[in-house]
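Here the structure is laid out as structure tokens; the discussion comes afterwards.
As a basis for the values below, the full set of heavy atoms in this structure was taken, side chains included, without hydrogen atoms, waters or symmetry mates.
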Amino acid sequence: MTRPRSAMTERTPRRTVFRHRAFVRLAHWLNAAAFGALLVSGIAILLALPRLFWGETGANDAPAALVLPLPVNLEQTGWGRNLHFLAAWILVLNGGLYLVLALVGGHLRRNLLPDRDQLRPGHLAREIADHARLRPPRGREALRYNALQKFAYLAVILGLFPLMVLTGLTMSPGVTAAFPELFTLFGGRQSARTLHFVFACLLVLFLVVHVAQVFIGGAVNLTRAMITGRLAVPANNPEPPDA
């Protein structure tokens, strides 16, 4: 039996808009692959000494600032270090190129710096409430990064990633021989290793929240937009700002 039209849920007419430039999409997926490799190889390296120290030296029999509940496995260290080093350079080169293009092309200013209206207390309060209630963005907000996203992206791009790189370099004897100032900056090689672990945990937390927000906002649509650059939106949505 055919249901009456008034009882049927009509699909909202939709159209596609351009959302992400090619360099943004390419940098996103390269970073995702590099970070995945860094995470896996970093865990393999950590298993060789699942203890964190503060200062310059540390060993299995030395007092540790933090003992991680992980099994010791020395067999994974070799391939782990090689993959970690390769993925780190991919991340650095890709991230550096992205930052240059974002600055020169205006992507950082237009899309990552919070708009004036987004900094109003009322707007921020609504965003926090929507996030707490797992509500996806609607209308114009679906066509731009919200303020909380922008704060998080800027913290990762300009804060966590550079600190990850610098603490990683501090663990390299060759680098610290040329730049001993890194020891002063981070308090020693083992301190840098501990901070490297902390920053990695913060990046994993960012990744978990990021993926969760993708599913809340529509995983298929948002993933397709990051592949093709085109985002499906309701037909009455305004045009998005330049990506």
Side-chain angles (χ1 to χ4, degrees), residues 17-42 83-116 118-119 127 137 141 143-172 174-176 178-179 181-182 185-186 192-193 195-211 213-214 217 222-231 240-243:
V17 297
F18 184 73
R19 187 66 183 90
H20 301 292
R21 292 184 179 181
F23 86 89
V24 174
R25 305 195 308 268
L26 180 61
H28 173 275
W29 293 115
L30 281 175
N31 275 341
F35 184 71
L38 284 169
L39 183 60
V40 171
S41 58
L83 178 59
H84 207 72
F85 186 79
L86 174 62
W89 275 114
I90 293 175
L91 189 70
V92 168
L93 294 175
N94 181 57
L97 181 59
Y98 166 83
L99 188 56
V100 169
L101 293 175
L103 287 169
V104 174
H107 173 69
L108 184 67
R109 173 180 52 81
R110 287 193 307 269
N111 300 305
L112 295 181
L113 291 180
D115 299 328
R116 183 174 300 179
Q118 292 180 316
L119 296 176
E127 279 196 13
E141 295 305 312
L143 301 177
R144 62 174 178 173
Y145 300 132
N146 62 57
L148 299 182
Q149 281 180 297
K150 291 179 178 181
F151 292 145
Y153 292 158
L154 289 174
V156 168
I157 295 170
L158 302 180
L160 283 179
F161 269 138
L163 287 170
M164 283 286 291
V165 172
L166 289 174
T167 52
L169 291 175
T170 306
M171 289 184 278
S172 169
V175 172
T176 50
F179 302 99
E181 297 83 6
L182 289 171
L185 180 62
F186 295 110
R193 179 173 178 265
L195 291 172
H196 197 73
F197 173 80
V198 172
F199 297 146
C201 289
L202 291 175
L203 284 173
V204 170
L205 177 61
F206 165 80
L207 178 63
V208 170
V209 174
H210 176 68
V211 172
Q213 289 297 318
V214 167
L222 293 176
T223 302
R224 183 173 55 234
M226 191 51 73
I227 295 174
T228 66
R230 309 294 298 186
L231 180 71
D242 293 336

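A distance of 10.0 Å separates CZ in F151 from CG in L113, rounded to the nearest 0.5 Å. Atom CG in L185 sits 13.0 Å away from atom OG1 in T176 (nearest 0.5 Å). Rounding to the nearest 0.5 Å gives a distance of 7.5 Å between CG of N146 and CD of Q213.
Scored by the side-chain contact (heavy atoms from CB on, under 4.5 Å) test, V175 finds L169, S172, F179, L182 as partners (sequence neighbours excluded). A search for side-chain contact (heavy atoms from CB on, under 4.5 Å) contacts involving L160 returns V156, F199, L202, L203, not counting sequence neighbours. By the ring-ring contact (aromatic ring centres under 6.0 Å, His included) test, H28 is found to be paired with no residue, residues two or more places apart in sequence or in another chain being considered. Contacts of E127 classified as side chain to side chain donor-acceptor pair (under 3.5 Å), with partners at least two apart in sequence or in another chain: H123. By the side chain to side chain donor-acceptor pair (under 3.5 Å) test, Y145 is found to be paired with no residue, residues two or more places apart in sequence or in another chain being considered. With sequence neighbours left out, T170 forms a side chain to side chain donor-acceptor pair (under 3.5 Å) with no residue at all. Residues passing the ring-ring contact (aromatic ring centres under 6.0 Å, His included) test with F23 are Y98, H107, sequence neighbours excluded. For L38, the side-chain contact (heavy atoms from CB on, under 4.5 Å) partners at least two apart in sequence or on another chain are H84, A87, A88, L91. Every residue two or more places apart in sequence or in another chain that forms a side chain to side chain donor-acceptor pair (under 3.5 Å) with R224 is listed here: N221.
Residue pairs satisfying the salt bridge (charged side-chain N to carboxylate O under 4.0 Å, His left out) criterion with at least one member in residues 150-169, sequence neighbours excluded, are listed as follows: D115-K150. Within the structure, side-chain hydrogen bond (donor to acceptor under 3.5 Å, both in side chains) pairs that include any residue of residues 88-97 comprise N31-N94 (at least two apart or interchain). Evaluation of the side-chain hydrogen bond (donor to acceptor under 3.5 Å, both in side chains) test over residues 199-209, restricted to residues two or more places apart or in two chains, returns none.
Across every non-hydrogen atom of V24 and H20, the tightest pair is CG1-ND1, 4.4 Å. For the residue pair R144 and Q149, the shortest heavy atom distance occurs at O-OE1, 4.3 Å. Of all heavy-atom pairs between S41 and A37, the closest is OG-O, 2.7 Å. Closest approach of T167 to A192, counting heavy atoms only: CB-O, 3.6 Å. Heavy-atom minimum distance, L231 versus R19: CB-CB, 4.0 Å.
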**OP:** Decide yes or no on side chain to side chain contact (heavy atoms under 4.5 Å, CB included) for F186 and R193, but give the supporting numbers first.
**Re:** CA-CA 9 Å; F186 295 110; R193 179 173 178 265; over 6 Å; no

Original post:
Which is it for L112 and I157 under the side chain to side chain contact (heavy atoms under 4.5 Å, CB included) test, yes or no, and what are the steps along the way?
Top reply: CA-CA 10 Å; L112 295 181; I157 295 170; 3.9 Å; yes

Original post:
After noting the C-alpha distance and the side-chain angles of L39 and V204, does the key distance pass the side chain to side chain contact (heavy atoms under 4.5 Å, CB included) rule?
Top reply: CA-CA 9 Å; L39 183 60; V204 170; 3.8 Å; yes

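Contact of the V214 side chain with the T223 side chain is registered, since non-hydrogen atoms from C-beta on lie closer than 4.5 Å.
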